[in-house]
There are 2 protein chains.
Amino acid sequence: MSEQQLDVVAQRFRVLSDPMRLKILHNLRDGELTVGSLVNATGASQPNISKHLSILRGAGLVNRRQDGNMAYFSIGAPFVFQLCDIVCEGIRKEFEQKQSTFR
Amino acid sequence: MSEQQLDVVAQRFRVLSDPMRLKILHNLRDGELTVGSLVNATGASQPNISKHLSILRGAGLVNRRQDGNMAYFSIGAPFVFQLCDIVCEGIRKEFEQKQSTFR
DNA sequence: TCATAATATAACTATATAATTATATGGTCA
DNA sequence: TGACCATATAATTATATAGTTATATTATGA
């Protein structure tokens with residue numbers, strides 16, 4: 001793997017390394033939502049959500065569809081959930097190991 | 001998924017979001033290495049490598065074994081390579097889509 | 001066309017963190 | 001014990017970025 005490839009991969013992980021962005025992706029799991037809906041669902045400010053959405057879009061993780069004066073966002077790369085599942089599984093195993101140290 | 005869970009998952013992605021850490025993991029793919037070997041392999045400074053290794057260790061991604069006055073590090077969670085593969089595949093598909101826009 | 005609603009962008013601030021330099025710790029062997 | 005080697009930690013600096021406030025853009029409907 002080349003230096004450049006590692007940079008690109010690291011950049012993708014960075015996009016996923018923010019709780020609010022994960023929260024947005026999580027909320028989109030059941031289907032597309034408008035920016036306003038995401039603002040309500042997350043409790044974050046509208047500019048904040050817009051910015052996160054543009055970052056997610058830059059990484060191809062969400063798609064944007066405009067209808068009237070509303071923008072609908074949806075999951076663009078379902079593999080993100082696969083990634084989260086693997087990470088969660090890893091965290092679980094790690095806890096188990098740490099626990100077993102005390103048994 | 002709870003707020004707290006999202007925080008933990010985001011934190012894990014953050015650990016993987018640095019090119020030098022990915023480089024270290026990549027170098028460990030063929031087996032354990034000492035800090036010195038990793039310094040040589042990566043071209044980074046010794047304190048820098050030590051710090052990255054401690055971050056990786058904190059996330060359970062590498063294991064440490066001491067022998068004499070040398071520390072041997074090895075992959076602690078093989079699933080990281082699975083994660084990278086999925087991300088790489090995602091990047092490839094994204095390029096394909098962007099390319100097809102011009103055909 | 002004007003007022004309004006939804007979203008996006010810009011400028012700014014505060015915080016997190018990667019890398020460097022200097023120093024400390026811990027082990028080995030004479 | 002004392003010199004040396006490998007690794008770890010501390011302090012510092014520079015940069016990246018999340019969030020806020022204010023403003024711009026774009027679309028709708030009276």
Side-chain angles (χ1 to χ4, degrees), chain A residues 3-4 6-28 31-74 76, chain B residues 3-4 6-28 31-74 76:
Chain A
E3 204 95 355
Q4 288 182 353
L6 290 176
D7 282 358
V8 175
V9 174
Q11 188 51 41
R12 292 309 155 102
F13 280 127
R14 173 137 301 186
V15 172
L16 293 171
S17 76
D18 182 87
M20 188 56 73
R21 283 196 283 275
L22 293 184
K23 205 169 174 181
I24 290 172
L25 292 171
H26 185 66
N27 274 286
L28 292 177
E32 64 176 12
L33 290 175
T34 65
V35 177
S37 311
L38 285 168
V39 169
N40 290 334
T42 59
S45 72
Q46 178 269 314
N48 192 11
I49 293 297
S50 275
K51 197 169 138 194
H52 282 306
L53 283 170
S54 96
I55 291 170
L56 288 168
R57 201 152 89 97
L61 297 181
V62 300
N63 295 322
R64 196 189 115 114
R65 174 176 77 83
Q66 182 136 13
D67 186 23
N69 57 354
M70 295 203 278
Y72 290 84
F73 285 86
S74 57
Chain B
E3 204 95 358
Q4 289 181 352
L6 290 176
D7 282 357
V8 176
V9 174
Q11 189 52 42
R12 292 309 155 102
F13 280 127
R14 174 136 301 187
V15 171
L16 292 172
S17 75
D18 182 86
M20 188 56 73
R21 284 197 283 274
L22 294 184
K23 205 170 174 181
I24 290 173
L25 292 171
H26 184 67
N27 274 286
L28 292 178
E32 65 175 10
L33 290 175
T34 64
V35 177
S37 310
L38 285 168
V39 169
N40 290 334
T42 59
S45 71
Q46 179 269 313
N48 193 11
I49 293 296
S50 274
K51 194 170 142 198
H52 283 305
L53 284 170
S54 98
I55 291 170
L56 288 168
R57 201 152 89 98
L61 298 181
V62 300
N63 295 322
R64 196 189 115 113
R65 173 177 78 81
Q66 182 136 13
D67 185 23
N69 57 353
M70 294 203 280
Y72 291 83
F73 285 86
S74 57

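Chain naming here is simple, since letters A, B, ... match the order of the sequence lines and numbering starts at 1 in each.
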Send over the distance from [X] [atom1] to [N] [atom2], rounded to a whole Å.
| X | N | atom1 | atom2 | result |
| --- | --- | --- | --- | --- |
| B:Asp67 | D:dC5 | CG | C1' | 15 Å |
| B:Met70 | D:dT7 | CE | C1' | 11 Å |
| B:Gln66 | C:dG27 | CD | P | 6 Å |
| B:Ile49 | C:dA18 | CD1 | P | 13 Å |
| B:Leu16 | C:dT17 | CG | C1' | 16 Å |
| B:Leu53 | D:dA6 | CG | P | 16 Å |
| B:Leu38 | D:dT7 | CG | P | 9 Å |
| B:Lys23 | C:dA19 | NZ | C1' | 14 Å |

How would you label the contact of [X] with the nucleic acid (heavy atoms, under 4.0 Å): base, sugar-phosphate, or nothing?
| X | value |
| --- | --- |
| B:Arg64 | sugar-phosphate |
| A:Tyr72 | nothing |
| B:Thr34 | sugar-phosphate |

Does [X] reach the main-chain N or O of [Y] with its side chain, forming a donor-acceptor pair under 3.5 Å?
| X | Y | answer |
| --- | --- | --- |
| A:Asn27 | A:Lys23 | yes |
| A:Arg14 | B:Arg14 | no |
| B:Thr42 | B:Leu38 | yes |
| B:Arg64 | B:Ala71 | no |

| task | Sugar-phosphate atoms are those with a prime plus P, OP1 and OP2; base atoms are the rest. Using that split, label each nucleotide of nucleotides 17-24 of chain D B, S or - for protein heavy atoms under 4.0 Å, 5' to 3'. | result | SBBSBB--

| said: If you define the side chain from C-beta out and look only at heavy atoms, does anything of A:Arg65 sit under 4.5 Å from A:Asp67? | reply: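 In contact.
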
| field | Derivation and outcome, side-chain contact (heavy atoms from CB on, under 4.5 Å), residues B:Phe73 and B:Val35 | value | CA-CA 7 Å; B:Phe73 285 86; B:Val35 177; 3.6 Å; yes

| Between D:dT7, C:dA6, C:dA8, which nucleotide gets closest to the side-chain atoms of B:Ser50? | D:dT7

| query | CE of A:Met20 to CD1 of A:Ile24: how many Å apart, nearest 0.5 Å? | reply | 7.0 Å

